[in-house]
Amino acid sequence: MPYDFETVLNRRHTNSVKWDVGADELPMWVADMDFQTAPAITNALAKRAQFGVFGYEEVPTAYYQAVADWWASEHHFRPQLDWLMFCTGVVPAISSIVRKMSAPGDNVLVQAPVYNIFYHSIENNGRHTLASNLVDNGDQYAIDWDDLERKLADPLTTMMILCNPQNPIGIVWSRETLQRIGDLCLRHHVFVVADEIHCDLTLNGQEYVPFASLTPAVAANSVSCVSPSKTFNVAALHAATLIMPDAHVRALISRAINNDELAEPNSFAIPGSIAAYTDGHEWLHALRAKITANQRQVQAFVTEQLPLVKVVEAQATYLLWLDTRRVATDSAALATDIRKRTGLFLSAGDVYRGDGAHFLRMNVACPTSQLTDGLNRLKVGIDAYVAEHPVKD
Ligand SMILES: Cc1ncc(COP(=O)(O)O)c(C=O)c1O
């Protein structure tokens with residue numbers, strides 16, 4: 001069945017965080033797609049609304065069965081049903097897990113540049129962020145293993161938040177890399193929180209490896225966070241799942257999620273998620289083809305029209321990481337300048353820390369005409385910036 005990824009939707013004045021912008025502005029920042037979700041989800045939600053009763057609800061076994069079946073068919077790994085726990089979002093769960101599984105003053109290790117909200121979950125809860133920065137090797141990023149091990153071995157480091165696939169750089173970590181990270185964490189008594197929210201959005205046949213599928217001892221020392229929210233653009237359904245292979249970890253984290261009141265679904269979270277995981281396969285596969293095509297369009301445009309900019313090849317996600325260091329070394333100033341001149345709203349890379357100040361992040365999950373508009377604005381913005389701030393080399 002063909003799906004429509006080309007109709008431009010008018011999301012202005014719909015309470016959309018992304019589209020709360022000026023009349024002529026074009027937002028390509030937050031991780032939110034400008035596509036209607038899979039018809040199977042819309043139909044399930046309409047049916048639920050039609051029923052007209054919205055009392056307290058619990059999570060049925062059918063939800064966990066749908067999650068397990070999806071992982072078995074999409075990711076060749078079947079989690080046991082008793083490893084799974086529903087919660088109302090990945091970020092609230094990470095904050096809750098930080099509070100439960102580490103102590104105030106501890107170090108929580110991240111690999112920067114990485115999803116900026118991790119820093120809020122860590123620092124707003126009185127923990128320290130300890131970054132083992134990823135090293136840009138020209139085409140993509142690599143792990144500095146000596147630095148990582150030294151920081152994991154610090155007795156104050158008790159937790160690592162891993163992002164796989166990694167937002168914003170688009171890497172999908174290999175099984176070998178994940179196992180090596182997991183072994184190091186085990187050796188140094190560091191608990192692993194694996195944020196796998198972008199796992200369904202791998203490109204070009206790339207496969208993601210669930211952290212819970214690693215060796216039993218490594219998997220036992222972890223919780224993985226997954227959700228249909230990025231895959232199907234249903235963030236406001238507020239549905240996510242924690243995968244916890246170890247019974248003791250489950251007992252602790254289940255207490256935390258319940259104490260923080262994150263365990264109860266709204267009326268639409270369960271039917272929407274079951275529909276996504278049961279009937280969303282074909283839609284997802286079509287979406288991946290659209291994102292791949294959009295990534296190619298950006299690469300071709302940038303190569304031809306913006307020789308000072310480089311696109312980092314994303315193995316996953318619809319977020320492109322644009323290397324703008326030859327234009328400006330302060331991406332916040334550059335992003336502000338482009339927005340002011342052209343209305344194009346991109347994410348400045350500095351919020352992801354690490355070497356992010358040399359990058360802009362562009363969300364390419366939109367119809368072709370919108371993407372073309374965004375690219376044309378990007379060219380106008382970069383050319384004008386360069387005219388005023390000539391490149392020295
Ligand atoms: C890596 C990562 N984790 C979590 C989230 C948000 O998760 P949630 O909306 O379930 O809190 C995002 C959103 O962009 C993300 O990129």
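This structure is a prediction, so every number in the text was calculated from the model and none was measured. Counting convention: from 1, in listed order, for ligands and their atoms alike.
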**NZ or CZ of R353 within 45° of Y119 ring axis and under 6.0 Å** = yes

Checking a contact table here: which protein heavy atom is nearest [atom], and how many Å away?
atom	result
atom 14 (O) of ligand 1	K230 NZ, 3.1 Å
atom 5 (C) of ligand 1	Y115 OH, 3.4 Å
atom 8 (P) of ligand 1	V90 N, 3.6 Å
atom 9 (O) of ligand 1	S229 OG, 4.4 Å
atom 7 (O) of ligand 1	I197 CD1, 3.3 Å

May I ask you to decide whether [X] forms a salt bridge with [Y], counting only side-chain N to carboxylate O separations under 4.0 Å?
X	Y	answer
D260	K100	no
R341	E25	no
D144	K151	no
R377	D373	yes

Provide the number and element of each atom of ligand 1 under 4.0 Å from a heavy atom of [X].
X	value
A31	14 (O)
C163	1 (C)
G89	10 (O)

**Asked** Relative to each other, are the rings of H389 and Y385 parallel, tilted or perpendicular (30° and 60° limits)?
**Response** parallel

**Message:** Can you give me the closest heavy-atom contact between Y352 and Y115, atom names plus distance?
**Reply:** CD2-CA, 4.1 Å

**Item:** Nearest option to atom 2 (C) of ligand 1, as decided by whichever heavy atom of N363, D195, N167 sits closest
**Value:** D195

Polar-atom distance check: [X] versus ligand 1, any N or O pair below 3.5 Å?
X	value
P92	no
V91	yes
S227	no

**Request:** Decide if the gap between the ring center of F77 and the ring center of W71 is smaller than 6.0 angstrom.
**Result:** no

**Asked** Taking the six-membered ring for Trp, are the ring centroids of W19 and F345 within less than 6.0 Å of each other?
**Response** no

**Item:** 4.0 Å heavy-atom contact, H238 with ligand 1
**Value:** no

